[in-house]
**Q** 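Got a structure for you, questions after.
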Amino acid sequence: MELSVRFMAAADLAACAALAAADPEPWSEGQLAEELKSPAARLFVAEGATGVLGFAVFQLAAGEASLYALNVAPAARRGGVGTALLAGALDALKAEGAAQCFLEVRAANAPALALYRRLGFAAAGVRRGFYHDPPDDAVVMTRSL
């Protein structure tokens, strides 16, 4: 599959919000637009022949990146989109001076946990009762860049 990873543009907002709509706690088009305006935000998309297949939202401050959201279109899951998106984003963040990346992931989200581990993230702790809809713990993960 031909895939490119690039910074998100305003023209991508509707497609990204549509991808997120099925999530338990989705990012709206308005939230993504606000994030896109933030000087500390770094938003990325994975684009294929059919358009946007995934997006990632990070904050970058003081040499640390924090992943706030990673979404891949259901039809594109398990096809390498998440891996390519995250790897491309981490490379770009490292080029901007990030030395470390942090994230939180639902403890019950085995596919995401496997993806993050494959890309070198390690569990650093658990936040009990972090998620509400549905209730779940958050696994805090980190990786040096």
Side-chain angles (χ1 to χ4, degrees), residues 1-13 15-17 19-29 31-48 51-145:
M1 170 189 311
E2 288 290 321
L3 192 66
S4 65
V5 176
R6 60 172 173 78
F7 285 104
M8 185 185 292
D12 300 316
L13 291 172
C16 291
L19 282 180
D23 286 355
E25 298 174 24
W27 283 64
S28 70
E29 187 172 344
Q31 288 170 310
L32 289 167
E34 282 302 309
E35 199 68 18
L36 198 56
K37 293 178 198 173
S38 169
R42 302 295 183 275
L43 288 75
F44 300 89
V45 295
E47 188 171 43
V52 174
L53 299 175
F55 72 92
V57 178
F58 291 85
Q59 284 282 318
L60 177 61
E64 293 181 350
S66 295
L67 176 62
Y68 286 4
L70 178 70
N71 288 82
V72 174
R77 291 182 184 156
R78 302 226 187 257
V81 173
T83 299
L85 175 56
L86 194 52
L90 293 174
D91 286 346
L93 292 162
K94 182 178 179 179
E96 282 196 66
Q100 194 82 10
C101 185
F102 296 90
L103 62 86
E104 291 147 343
V105 59
R106 288 179 176 274
N109 192 342
L113 285 163
L115 167 66
Y116 298 137
R117 285 187 184 113
R118 264 195 324 275
L119 288 171
F121 284 86
V126 174
R127 293 195 172 130
R128 302 271 176 229
F130 185 79
Y131 294 104
H132 302 290
D133 185 20
D136 199 358
D137 296 337
V139 177
V140 179
M141 302 185 86
T142 185
R143 178 192 147 175
S144 294
L145 302 179

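FYI, the numbering just counts along the sequence from 1.
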**Q** Going through the distances and angles, do Glu35 and Met8 end up as a side-chain contact (heavy atoms from CB on, under 4.5 Å)?
**A** CA-CA 11 Å; Glu35 199 68 18; Met8 185 185 292; over 6 Å; no
**Q** Mind checking the CG-CD spacing from Leu43 to Gln59? Nearest 0.5 Å is all I need.
**A** 8.5 Å
**Q** Tell me, which pairs form a side-chain hydrogen bond (donor to acceptor under 3.5 Å, both in side chains) where one or both residues lie in residues 130-139, sequence neighbours left out?
**A** Arg128-Asp137
**Q** Enumerate the side-chain hydrogen bond (donor to acceptor under 3.5 Å, both in side chains) contacts for residues 60-73, please, sequence neighbours excluded, ordered by first and then second residue.
**A** Asp23-Asn71
**Q** Output all residues satisfying side-chain contact (heavy atoms from CB on, under 4.5 Å) with Leu19, sequence neighbours left out; order by chain, then residue number.
**A** Val52, Phe55, Ala73
**Q** Specify the closest pair of heavy atoms between Leu3 and Gly80, including all atoms of both residues, with the distance to one decimal.
**A** CD2-O, 4.4 Å
**Q** If you look at every heavy atom in Val81 and Ala46, which pair is closest and at what distance?
**A** CG1-CB, 3.9 Å
**Q** Arg143: what forms a salt bridge (Lys or Arg N to Asp or Glu O under 4.0 Å) with it, not counting sequence neighbours?
**A** none
**Q** Where is the tightest heavy-atom contact between Leu70 and Ala56, given as atom of each residue plus distance?
**A** CD1-CB, 3.8 Å
**Q** What is the minimum heavy-atom distance between Ser28 and Ala17, and which atoms define it?
**A** C-CB, 4.0 Å
**Q** Provide the full list of salt bridge (Lys or Arg N to Asp or Glu O under 4.0 Å) pairs with a residue in residues 106-124, sequence neighbours left out, each pair given once.
**A** Glu25-Arg106
**Q** Applying salt bridge (Lys or Arg N to Asp or Glu O under 4.0 Å), can you list everything that pairs with Glu47, at least two apart in sequence or on another chain?
**A** Arg6
**Q** I need the Leu67 CG to Met141 CE distance, nearest 0.5 Å.
**A** 11.0 Å
**Q** Could you list the residues that satisfy salt bridge (Lys or Arg N to Asp or Glu O under 4.0 Å) with Asp91, not counting sequence neighbours?
**A** none
**Q** Looking only at atom types and distance, does a side-chain atom of Arg78 sit under 3.5 Å from a main-chain N or O of Ala75, one as donor and one as acceptor?
**A** no
**Q** Whether the side chain of Ser144 engages the backbone of Gln100 through a donor-acceptor N/O pair (distance < 3.5 Å, no angle test) should be reported.
**A** no
**Q** List the atom of Pro26, the atom of Gln31, and the distance in Å for their closest heavy-atom pair.
**A** O-OE1, 3.5 Å
**Q** Test side-chain contact (heavy atoms from CB on, under 4.5 Å) on Val72 and Leu53; report intermediate values, then the result.
**A** CA-CA 6 Å; Val72 174; Leu53 299 175; 5.6 Å; no
**Q** Are Tyr116 and Val139 close enough, and set up right, to give a side-chain contact (heavy atoms from CB on, under 4.5 Å), and what steps lead you there?
**A** CA-CA 11 Å; Tyr116 298 137; Val139 177; over 6 Å; no
**Q** Please identify each residue that fulfils side-chain contact (heavy atoms from CB on, under 4.5 Å) with Ala89, with sequence neighbours left out.
**A** Phe44, Phe58
**Q** Tell me, with the steps shown, if Leu86 and Phe121 meet side-chain contact (heavy atoms from CB on, under 4.5 Å).
**A** CA-CA 11 Å; Leu86 194 52; Phe121 284 86; 4.2 Å; yes
**Q** Considering residues at least two apart in sequence or located in another chain, which fulfil the salt bridge (Lys or Arg N to Asp or Glu O under 4.0 Å) criterion with Glu29?
**A** none
**Q** Could you work out, with side-chain contact (heavy atoms from CB on, under 4.5 Å) as the rule, every residue matching Phe130, not counting sequence neighbours?
**A** Glu104, Arg127, Ala138
**Q** Quick one: ring-ring contact (aromatic ring centres under 6.0 Å, His included) pairs with a partner in residues 72-105, sequence neighbours left out?
**A** none
**Q** Taking side-chain contact (heavy atoms from CB on, under 4.5 Å) as the definition, give me every residue that meets it alongside Ala98, ordered by chain and number, with sequence neighbours left out.
**A** Leu60, Ala65, Leu93, Leu145
